[in-house]
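Heads up, the thing below is written out as structure tokens.
In this chain, numbering begins with 1 at the start of the sequence shown. Each ligand, and each atom within it, is numbered from 1 in the order the structure gives.
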Amino acid sequence: KASDLDDVFSFLKKNRSKANIEYYGKAKGKNVFIIHLESFQQFLIDYKVDGKEVTPNLNKFYHNQNTISFDNFYHQVAQGKTSDAEMMLENSLFGLPEGSAMVTYGTQNTYQAAPAILAQRGYSTAAFHGDVPSFWNRDNAYKSWGYQYFFDSNYYTEKPSYSVGYGLKDKIFFKDAAKYIQQLPQPFYAKLITLTNHYPYELDKQNVSFPATKTGDNTVDPYVQTAHYLDQAFGEFLNYLTKTGLIKNSMIVLYGDHYGISNNHRPAIAQLLHKQTITSYDLAQFQKVPFMIHMQGLKGGINHTYGGEIDVLPTLLHLLGVKDDNTVQFGNDLLSKKRNQIVAFRNGDFVSPKYTVVSGTVYNTKTGAVITPNAKQQAQIKKMQNHVTTELSLSDKVVLGDLLRFYTPKGFTKVNKKEYSYKYADG
Ligand code: GP9
Ligand code: MN
């Protein structure tokens with residue numbers, strides 16, 4: 001019932017941070033590209049194998065003077081992996097502790113997602129992905145989120161050699177997507193979900209142009225090779241944006257959806273990071289993924305604020321000059337001057353600038369040393385833990401109870417899923 005939202009609103013009222021006026025509206029009216037870097041971890045940025053950069057194009061983009069790059073940005077996914085990341089980015093709602101919210105609650109629930117918000121402000125909205133439309137229930141969830149177009153695998157040229165693993169190879173994907181991007185009325189909001197840098201990091205021989213790492217762990221070693229391929233594909237897409245001039249009137253947002261190397265590979269992770277042993281603290285740090293915002297004229301630099309995927313939507317809306325104080329979003333603008341900087345992992349662990357808490361053990365975030373908290377610290381940590389537990393459970397309450405059906409923010413029109421069909425018709 002509607003009153004179930006009461007605690008949600010009282011929590012949000014206390015916890016949402018104000019937009020930074022230096023950035024608010026800076027991207028108003030620009031096209032938006034959201035580029036989803038599959039399984040891409042932050043440690044890959046500036047990482048070298050045999051003296052060679054794994055991702056030279058992304059590194060250049062990361063250090064570009066017009067890119068705001070975050071170096072304390074974490075993925076917050078659970079079992080829903082990619083779908084949890086998408087759920088957070090588009091809605092600023094968490095995925096669920098188990099399963100995938102996009103699958104279980106993507107079809108029936110009411111959402112007030114990024115595509116719908118922007119479409120109602122004159123944007124065209126499109127998602128691009130080289131896998132079948134039903135994967136993660138995208139074909140239904142995207143309708144609930146108000147995507148006007150979904151260019152799934154049916155929309156791209158098919159040849160057996162064009163696919164590897166889950167679907168279309170990234171270079172072909174970006175090239176083919178460009179044909180549709182060209183036809184989108186501007187301004188547009190376009191999300192491109194890459195695929196090749198996905199476990200088991202397979203690549204056809206002709207595309208392997210980077211040495212594997214030599215940890216001896218076969219799951220881990222080819223990771224840098226597909227990451228390198230993804231980087232090349234991104235480089236080509238960036239060239240296209242430059243050539244067509246799209247780069248001039250677009251904001252380009254990049255993010256890694258989640259880890260590529262799971263915690264089951266500690267010895268290999270230790271070798272990759274040139275460490276003797278890997279602690280739970282190191283593994284928490286290892287969950288960092290890239291988040292970058294690029295736009296001509298934007299004052300860039302490396303931003304050290306602590307945040308995660310839940311914080312993306314408010315950040316982007318503020319840059320686009322969209323007021324969102326009356327929406328149900330659990331994240332906080334990463335560019336705000338005053339933020340709480342507590343990053344919740346889906347299992348209730350958390351990272352903050354001071355403390356990292358993993359299964360009850362407290363670490364000093366700056367040094368990684370285990371802390372035995374004194375009474376004062378204990379009180380601080382308890383408060384932070386309580387914040388994390390509360391935000392996760394309130395977000396779950398919204399999703400499980402489909403609570404947004406009871407509340408439509410002022411200026412927002414409920415999405416009518418029947419307006420959309422993503423079916424590809426030949427000819
Ligand atoms: C499949 C792709 C992979 O379409 O998005 O999802 P993941 O396995 O990373 O959750
Ligand atoms: Mn993924």
Side-chain angles (χ1 to χ4, degrees), residues 34-44 58 73-91 94-107 126-143 145 147 149-156 158 162-170 172-174 176-177 190-203 219-220 222-223 226-227 229-231 233-234 253-265 286-291 308-310 312 345-346 422 424:
I34 309 283
I35 301 182
H36 169 117
L37 303 172
E38 180 56 42
S39 305
F40 198 100
Q41 297 183 217
Q42 176 71 10
F43 89 89
L44 289 168
L58 289 162
F73 182 89
Y74 295 78
H75 84 74
Q76 297 168 287
V77 313
Q79 288 169 350
K81 301 293 287 287
T82 293
S83 69
D84 284 351
E86 291 191 54
M87 176 85 180
M88 286 185 272
L89 262 90
E90 308 269 31
N91 298 284
F94 287 96
L96 296 173
E98 269 156 32
S100 158
M102 236 172 109
V103 171
T104 318
Y105 296 90
T107 309
F128 300 80
H129 186 48
D131 193 0
V132 293
S134 57
F135 206 98
W136 287 129
N137 192 34
R138 285 188 175 98
D139 48 352
N140 292 307
Y142 284 1
K143 288 178 189 168
W145 296 352
Y147 268 113
Y149 306 100
F150 176 23
F151 299 99
D152 58 64
S153 59
N154 297 305
Y155 284 83
Y156 311 104
E158 262 180 274
Y162 283 6
S163 276
V164 67
Y166 281 76
L168 203 60
K169 291 189 279 190
D170 292 341
I172 298 166
F173 167 65
F174 276 119
D176 274 8
K191 161 157 99 167
L192 292 103
I193 304 172
T194 65
L195 201 48
T196 313
N197 189 43
H198 191 289
Y199 175 81
Y201 313 114
E202 270 178 87
L203 204 52
T219 310
V220 171
Y223 179 55
T226 48
Y229 173 81
L230 168 56
D231 179 77
F234 170 69
V253 178
L254 260 65
Y255 79 103
D257 63 341
H258 49 73
Y259 60 86
I261 301 171
S262 81
N263 291 352
N264 303 324
H265 301 274
F286 202 55
Q287 306 314 309
K288 286 185 188 180
V289 290
F291 182 61
E309 288 165 328
I310 198 75
V312 171
F345 290 128
R346 184 57 256 202
Y422 305 139
Y424 178 78

Exercise. Relative to ligand 1, is Leu195 under 4.0 angstrom through side chain, backbone, both or neither, heavy atoms considered?
Worked result: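 Looking at Leu195 and ligand 1, just side chain atoms fall under 4.0 Å.
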For this session: Have a look at ligand 1 and work out which part of Tyr199, if any, has a heavy atom under 4.0 Å from it: side chain, backbone, both or neither.
Result: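 The answer is neither.
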For this session: Give the intermediate values and the outcome of side chain to side chain contact (heavy atoms under 4.5 Å, CB included) for residues Asp152 and Val132.
Result: CA-CA 6 Å; Asp152 58 64; Val132 293; over 6 Å; no
Exercise. With ring centroids as reference points, do His129 and Phe151 lie under 6.0 angstrom apart?
Worked result: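 No, ring centres 6.0 Å or more apart.
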Problem set entry | Ring centers of Phe135, Tyr166 separated by less than 6.0 Å |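 Distance test on ring centres: under 6.0 Å, yes.
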For this session: Evaluate side chain to side chain contact (heavy atoms under 4.5 Å, CB included) for Leu254 paired with Phe40, printing each intermediate quantity in order.
Result: CA-CA 10 Å; Leu254 260 65; Phe40 198 100; over 6 Å; no
Problem set entry | Contact atoms of ligand 1, heavy-atom distance to Glu38 under 4.0 Å |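 Selected atoms, number and element: 9 (O).
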Problem set entry | Subset of ligand 1 atoms that lie under 4.0 Å from at least one heavy atom of His258 |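 The list of qualifying atoms is 9 (O).
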Problem set entry | side chain to side chain donor-acceptor pair (under 3.5 Å) between Gln287 and His75, intermediate numbers included | CA-CA 6 Å; Gln287 306 314 309; His75 84 74; 2.7 Å; yes
For this session: Compare all side-chain heavy atoms of Tyr255 with those of Ile34 and state whether any distance is below 4.5 angstrom.
Result: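 A side-chain contact under 4.5 Å exists here.
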Problem set entry | Atoms (protein N, O or S; no water) under 2.8 Å from the Mn ion (ligand 2) |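 N, O or S atoms of the protein closer than 2.8 Å: 5.
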For this session: Give the intermediate values and the outcome of side chain to side chain contact (heavy atoms under 4.5 Å, CB included) for residues Asp257 and Glu38.
Result: CA-CA 6 Å; Asp257 63 341; Glu38 180 56 42; 3.1 Å; yes
Kindly confirm or rule out an N or O of [X] lying under 3.5 angstrom from an N or O of ligand 1.
X	value
Asp131	yes
His198	yes
Trp136	yes
Tyr166	no

Exercise. Among the heavy atoms of Val132, does any lie under 4.0 Å from an atom of ligand 1?
Worked result: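 Flag not set, Val132 not near ligand 1.
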For this session: Considering only non-hydrogen protein atoms, determine which one is nearest to atom 5 (O) of ligand 1 and report residue, atom name and distance to 0.1 Å.
Result: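 Here the nearest protein heavy atom works out to Arg138 NH2, 2.8 Å.
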Exercise. In terms of residue, atom name and distance, what is the protein heavy atom nearest to atom 9 (O) of ligand 1?
Worked result: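 Residue, atom and distance for the closest contact: Thr82 OG1, 2.7 Å.
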Exercise. Is the NZ or CZ atom of Lys143 positioned over Tyr422's six-membered ring, under 6.0 angstrom from the centre and within 45° of the axis?
Worked result: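 Satisfied, under 6.0 Å and within 45°.
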Problem set entry | Residue pair Tyr142 / Glu86, side-chain donor-acceptor N/O under 3.5 Å |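 The criterion, which ignores hydrogens and geometry beyond distance, is satisfied for Glu86 and Tyr142.
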Problem set entry | Working for side chain to side chain contact (heavy atoms under 4.5 Å, CB included), residues Tyr156 and Phe128 | CA-CA 10 Å; Tyr156 311 104; Phe128 300 80; 3.5 Å; yes
Exercise. What are the two closest non-hydrogen atoms of Phe73 and Val312, and how far apart are they?
Worked result: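 Taking every non-hydrogen atom into account, CZ-CG2, 3.7 Å.
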